[in-house]
Protein chains: 2
Amino acid sequence: MCSMASGNTIAEVAGLIGDPARANMLSALMGGQALTAGELARVARITAQTASGHLAKMLAAGLLAVERQGRHRYYRLASPDVAEAMQALMALAAGAPRRHHPVGPRDMALRRARTCYDHMAGRLAIALSDALVARGYVVMADGAALVTDAGRDAFQRFGLDLKDAHATRRPLCRTCLDWSERRPHLAGRLGAGLLARSVALGWVAPVPHSRALTVTPAGDDGLHHAFGLPADWRREDAG
Amino acid sequence: MCSMASGNTIAEVAGLIGDPARANMLSALMGGQALTAGELARVARITAQTASGHLAKMLAAGLLAVERQGRHRYYRLASPDVAEAMQALMALAAGAPRRHHPVGPRDMALRRARTCYDHMAGRLAIALSDALVARGYVVMADGAALVTDAGRDAFQRFGLDLKDAHATRRPLCRTCLDWSERRPHLAGRLGAGLLARSVALGWVAPVPHSRALTVTPAGDDGLHHAFGLPADWRREDAG
DNA sequence: CGCATGTTTCGGCCGGCGCCGAAATGACCG
DNA sequence: CGGTCATTTCGGCGCCGGCCGAAACATGCG
């Protein structure tokens with residue numbers, strides 16, 4: 001059961017990525033979002049049993065990591081190194097149009113704050129996650145995240161009722177690898193609730209036709225007081 | 001005959017690298033050195049005809065570039081992007097031991113001056129090539145290099161007799177892609193002679209058990225007077 | 001020109017692997 | 001405990017592609 005990720009050859013690793021179905025799955029995971037085996041099968045347009053075989057191989061090779069959640073299995077890229085290799089291969093496949101590192105002005109906005117499906121990502125999400133941990137509202141340990149009692153109270157005051165946990169199968173709180181920051185941020189129902197409520201309060205506003213988010217002055221203030229978000233979260237090396 | 005390097009898929013590129021024979025050839029080319037089809041076949045431990053097929057595929061995909069020289073064909077990596085992708089895959093295959101970028105103090109010495117087979121590489125070699133071109137001793141144009149008459153005299157004074165050119169089949173002067181500087185430097189018999197004579201004169205000294213080279217004060221002086229090597233060639237952005 | 005060497009093309013063999021259908025396992029649910 | 005759903009395992013089919021032998025260019029040399 002030991003994943004034995006160290007004894008690989010370049011050819012083995014590249015060969016794994018070199019299958020269209022597997023490459024599609026890996027590309028789908030490049031967003032940092034963890035996806036279930038079924039979702040990945042749909043992305044790759046293959047049957048579930050074929051996808052299962054592919055996922056097992058990539059798992060054994062150390063390209064992917066998995067965590068079980070009920071009868072689902074969430075697969076994600078095992079490490080930022082995998083994402084880096086994928087990026088390098090993409091650059092190669094695209095015919096090498098870029099010359100310098102991919103940090104345009106528009107990308108800067110995305111790196112600062114953006115949506116990742118239904119929750120926040122980017123430096124904002126990282127800083128917020130860190131602040132919540134620092135205040136003892138959330139504890140994070142190797143890929144898992146839990147809401148403390150103090151956190152439940154704080155989120156209640158914020159306007160989030162996390163009590164009706166059993167109404168949905170979605171996990172209350174889990175982590176999601178942040179693509180630009182290479183660190184996990186909060187996802188799950190808590191992450192979604194934080195974003196939805198922040199938007200409702202006018203604290204953050206989605207930029208039209210983009211995944212970028214703007215944090216309003218009221219948001220800076222509110223997030224600071226409610227969760228201890230540091231004032232300098234916009235800095236490159238915040239956190 | 002247009003190489004059509006832009007229409008590739010990630011899976012296609014990765015699939016090409018994902019064959020043991022091809023991966024070995026690409027690894028052998030990672031030094032920046034251009035190798036012949038036969039040498040690459042030997043590296044990959046396959047017959048020449050099999051290697052030829054592999055090389056043609058990688059050429060068509062834009063991973064490799066080739067230049068003919070007599071009845072040899074020198075293959076090299078088509079671009080630094082290819083080397084970058086290979087590096088990312090190596091890091092993955094090795095099991096991701098490193099955390100930050102690979103520029104340690106020891107690597108700095110290698111980037112400054114090192115041997116590449118039998119000639120010089122690194123910033124020293126780049127600066128020296130530039131100086132030779134600036135003085136009109138050598139002309140370089142798209143991958144080829146030639147020694148001028150003035151150059152022949154200068155090298156003669158330096159102690160290199162390049163007259164017995166036909167004794168060996170090795171090209172007198174050709175370029176070699178410098179891995180750390182991403183620019184071509186001088187190789188061939190001229191490059192080998194420059195290194196050998198410099199060592200003999202005590203101008204440069206190989207560091208034991210390493211490919212690194214040390215340039216002595218006498219070497220700084222001698223290379224400056226003989227070939228116009230600028231005094232500040234050690235600077236990061238020299239050239 | 002004939003020979004040697006480096007490289008490519010052609011043809012055929014064969015193993016590996018991606019694919020799916022069927023069925024087993026495990027988890028949730030009433 | 002049966003029913004459903006997500007996932008995995010098993011078995012077998014089909015084909016892509018790597019491999020080599022033989023032969024055909026291409027180049028250099030005497």
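Labels below follow one simple rule: chain letters A, B, ... track the order of the sequence lines, proteins then strands, and each chain is numbered from 1.
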Distance-minimising heavy-atom pair for [X] and [Y]:
{"X": "Ala125(A)", "Y": "His185(A)", "value": "CB-CB, 3.9 Å"}
{"X": "Thr47(B)", "Y": "Ala41(B)", "value": "O-CB, 4.1 Å"}
{"X": "Met86(A)", "Y": "Leu26(A)", "value": "CE-CB, 3.7 Å"}

When the ring planes of Phe227(B) and Tyr137(B) are compared, do they come out parallel, tilted or perpendicular, using 30° and 60° as the limits?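 Ring orientation of Phe227(B) relative to Tyr137(B): perpendicular.
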Under 3.5 Å: donor-acceptor pair, side chain of Thr36(A), backbone of Glu39(A): yes
Would you say the side-chain atoms of Gln87(B) pair up with the backbone N or O of Glu84(B), donor to acceptor, closer than 3.5 Å?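 No, Gln87(B) side chain to Glu84(B) backbone: no donor-acceptor pair under 3.5 Å.
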Among the nucleotides [options], which one has an atom lying closest to any side-chain atom of [X]?
{"X": "Ala48(B)", "options": "dC20(C), dT7(C), dC20(D)", "value": "dT7(C)"}
{"X": "Ala37(B)", "options": "dT7(C), dA22(D), dG18(C)", "value": "dT7(C)"}
{"X": "Ala21(A)", "options": "dT9(D), dC19(C), dC19(D)", "value": "dC19(C)"}

Quick one: [X] [atom1] to [N] [atom2], roughly how many Å, whole number?
{"X": "Leu35(B)", "N": "dG6(C)", "atom1": "CG", "atom2": "P", "result": "15 Å"}
{"X": "Leu16(A)", "N": "dC17(C)", "atom1": "CG", "atom2": "P", "result": "10 Å"}
{"X": "Ile17(A)", "N": "dC17(C)", "atom1": "CD1", "atom2": "P", "result": "16 Å"}
{"X": "Met58(A)", "N": "dT8(D)", "atom1": "CE", "atom2": "P", "result": "11 Å"}
{"X": "Leu40(A)", "N": "dT8(D)", "atom1": "CG", "atom2": "C1'", "result": "15 Å"}
{"X": "Leu55(A)", "N": "dT8(D)", "atom1": "CG", "atom2": "P", "result": "7 Å"}
{"X": "Leu64(B)", "N": "dT7(C)", "atom1": "CG", "atom2": "P", "result": "14 Å"}
{"X": "Ile46(B)", "N": "dG18(D)", "atom1": "CD1", "atom2": "P", "result": "10 Å"}

Please confirm whether the shortest side-chain N or O distance from [X] to OP1 or OP2 of [N] is below 4.0 Å.
{"X": "Thr50(B)", "N": "dG18(D)", "answer": "no"}
{"X": "Lys57(B)", "N": "dG17(D)", "answer": "no"}
{"X": "Tyr75(B)", "N": "dG6(C)", "answer": "no"}
{"X": "Arg22(A)", "N": "dG18(C)", "answer": "yes"}
{"X": "His72(B)", "N": "dG28(D)", "answer": "no"}
{"X": "Arg71(A)", "N": "dT4(D)", "answer": "no"}
{"X": "Ser52(B)", "N": "dT8(C)", "answer": "yes"}
{"X": "His54(A)", "N": "dC19(C)", "answer": "yes"}
{"X": "Arg68(B)", "N": "dT7(C)", "answer": "no"}

Quick one: on DNA chain C, does Asp19(A) or Gln49(A) contact a more 5' nucleotide (nearest heavy atom)? Asp19(A)
